2 protein chains.
Amino acid sequence: MVEAFKKHLAKFGAVSESEEALISTYFQLGSLRKKQTLLKEGSVCKYLYFVAQGCLRMFFVKDNGVEQTTHFAIENWWLADYFSFLQQQPTEFNIQAVEPTHLLAISYPNYERLLQQVPQMEKYFRYIHQRESAAAQRRIKYLYSLSKEELYHSFNDSFPEFIQRVPQYLVASYLGITPEYLSELRKKLFLKPV
Amino acid sequence: MVEAFKKHLAKFGAVSESEEALISTYFQLGSLRKKQTLLKEGSVCKYLYFVAQGCLRMFFVKDNGVEQTTHFAIENWWLADYFSFLQQQPTEFNIQAVEPTHLLAISYPNYERLLQQVPQMEKYFRYIHQRESAAAQRRIKYLYSLSKEELYHSFNDSFPEFIQRVPQYLVASYLGITPEYLSELRKKLFLKPV
DNA sequence: CGGTCTCTTGACGGAGTTCAAAGCTAGTGG
DNA sequence: CCACTAGCTTTGAACTCCGTCAAGAGACCG
């Protein structure tokens, strides 16, 4: 089992070595090159993904053809279209590697089995989903309260390293603005630095 | 323990009568009149609320003074500001009854104790939060992909009974539009019915 | 019935999009 | 290691969705 995941598990409660070995049998390892696709709209989201190293993004394609990024996942984050995963129904999302990425994947049947076999994992995933719900609430608050310009500044302030890591058009895609407008905002920021 | 919650619990896995009795000791019952406040911004969200009957809304106040509703909770839904609840830190949200409402409440210490005492509840809340995460993903997709007009139509189509149940200005508040613009959209819809 | 909420109407303005085109940058193959 | 090209970023002008403001018309409750 990948070191990063072991550590993450340990953070949320001790797991014995034998349990660790058992848990690891439920997962698969994977590697992706930059821009490689992990999930394609129309197919079923068969796995829950844990990013050990690298960066994924989830996006959908709008009516006008523009790719709208809804989630990024970097080290120690889980990613999946939960609706598609839980119902095992076709997804409207795509998942793609932003950088070369190493990940763990667990299939839906294995997810269910693992939760049954290792009760400790119920607690782990309760934590994970609880935290996701909390994050989603904040996210929704931001989306409602901030203008696009404020969203950009808040994103800049909250994730300065991340801005370096991904190209601008992906930042624009995540913020829900056009690359043209992002460019305008950057110019403004550059002209009048605080 | 309130009948509605019993049934909801049972849906996610059998619970014996003695467990049921034990579980019920962790909860408090409450009733609210219309417009009565349950959580006030600046205070800590001390409880997780389960709506047995009625309707709650969660909202925050924007810089311009407008109340922005982010969540409604009707029968069988849980509501809380998870960030405030989990960290026991001051919230930026308010929770208020839209209708006369009956609810169950569980405090943070009791929540933790309950999860420890009754492992079955780990599974229950894993389900709950998992479902919330899935719902949040769809919500975010809607917010990014639809214009305000499309948001209104989609809300109308998805929750026709709900539209009857709450006043228009709350619908506008939830959609993130002004009552004036909602009025314009309604007129348009009325003038050219499909 | 009188007053306070709620909903509607219309004029105007601004944040952010669209379209078109040019300038940059980085990866690729020769 | 350089040159070429495709993809990324910037500019600017025209346009649109939706918010703001102001005022009037209903509707509900004491």
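Given the structure is predicted, the values throughout are model-derived calculations rather than measurements. In what follows, every heavy atom counts, from backbone to side chain, and hydrogens, waters and symmetry copies are set aside. Throughout, protein chains are lettered first and strands after them, A, B, ... in sequence-line order, and every chain is numbered starting at 1.
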Enquirer: If you compare every side-chain N and O of A:Lys187 against the phosphate oxygens of D:dT11 (OP1, OP2), does one of them come in below 4.0 Å?
Expert: yes
Enquirer: Tell me the interatomic distance from A:Arg186, atom CZ, to D:dC8, atom P, rounded to whole angstroms.
Expert: 15 Å
Enquirer: Could you verify whether a donor N or O on one side chain and an acceptor N or O on the other, from B:Tyr181 and B:Glu149, lie under 3.5 Å apart?
Expert: no
Enquirer: If only side-chain N and O atoms count, and only distance matters, is there a donor-acceptor pair under 3.5 Å linking A:His8 with A:Tyr124?
Expert: yes
Enquirer: Checking B:Gln130 now: which residues fulfil side-chain hydrogen bond (donor to acceptor under 3.5 Å, both in side chains) with it, not counting sequence neighbours?
Expert: A:Tyr111, B:Arg126
Enquirer: Quickly work out the B:Glu149 CD to D:dC17 P distance and round it to whole Å.
Expert: 8 Å
Enquirer: Without decimals, in angstroms, what is the distance between B:Leu146 CG and D:dC17 C1'?
Expert: 15 Å
Enquirer: Restricting to side-chain hydrogen bond (donor to acceptor under 3.5 Å, both in side chains), what partner residues turn up for A:Asn76, sequence neighbours left out?
Expert: none
Enquirer: Can you tabulate the close N/O pairs, meaning under 3.5 Å, that link protein atoms to atoms of nucleotides 23-30 of chain D?
Expert:
none

Enquirer: Please list, in numerical order, the residues of residues 156-178 of chain B that have a heavy atom closer than 4.0 Å to any atom of DNA chain D.
Expert: B:Gly176, B:Ile177, B:Thr178
Enquirer: Would you grab the first and last nucleotide of DNA chain C (5' to 3') that comes under 4.0 Å of any non-hydrogen atom in chain B?
Expert: C:dT6 to C:dG10
Enquirer: I want to check a possible cation-pi pair here: B:Lys123 against B:Phe12, using under 6.0 Å from ring centre and within 45° of the ring axis as the test.
Expert: no
Enquirer: Report the C-alpha separation of B:His129 and A:Tyr127 in whole Å, then their side-chain angles, then the decisive distance to 0.1 Å, and conclude whether the ring pair (Phe, Tyr, Trp, His ring centres under 6.0 Å) test is met.
Expert: CA-CA 9 Å; B:His129 292 129; A:Tyr127 264 120; over 10 Å; no
Enquirer: In whole angstroms, how far is the C1' atom of D:dC17 from the CD atom of B:Glu150?
Expert: 12 Å
Enquirer: Who else is in A:Val61's hydrophobic cluster (ILVMFWY, side-chain heavy atoms under 4.5 Å, direct or via others)?
Expert: A:Phe59
Enquirer: Ignoring hydrogens and angles, write down the donor-acceptor pairs under 3.5 Å from the side chains of residues 36-48 of chain A, residues two or more places apart or on other chains.
Expert:
from	atom 1	to	atom 2	distance (Å)
A:Gln36	OE1	A:Arg33	N	2.7
A:Ser43	OG	A:Lys40	O	2.6

Enquirer: Note the angle between the end axes of the helix from C:dC1-D:dG30 to C:dG30-D:dC1, five pairs defining each, rounded to 10 degrees.
Expert: 50°
Enquirer: Grab the CG-P distance between A:Leu182 and D:dT10 for me, whole Å please.
Expert: 7 Å
Enquirer: Which residues pass the side-chain hydrogen bond (donor to acceptor under 3.5 Å, both in side chains) test with B:Lys148, not counting sequence neighbours?
Expert: none
Enquirer: State which residues pass salt bridge (charged side-chain N to carboxylate O under 4.0 Å, His left out) with A:Arg131; sequence neighbours excluded, sorted by chain then number.
Expert: none
Enquirer: Who passes salt bridge (charged side-chain N to carboxylate O under 4.0 Å, His left out) against B:Arg165, sequence neighbours left out?
Expert: B:Glu75, B:Glu99
Enquirer: I'd like to check the salt bridge (charged side-chain N to carboxylate O under 4.0 Å, His left out) partners of A:Arg57; sequence neighbours left out, ordered by chain and number.
Expert: A:Glu67
Enquirer: Would you mind reading off the distance between B:Tyr181 atom OH and D:dT20 atom P, rounded to a whole angstrom?
Expert: 14 Å
Enquirer: Using a strict threshold of under 4.0 Å (side-chain N to carboxylate O), is an ion pair present between B:Lys187 and B:Glu184?
Expert: no
Enquirer: Nearest-Å distance, OH (B:Tyr152) to P (D:dC18)?
Expert: 14 Å
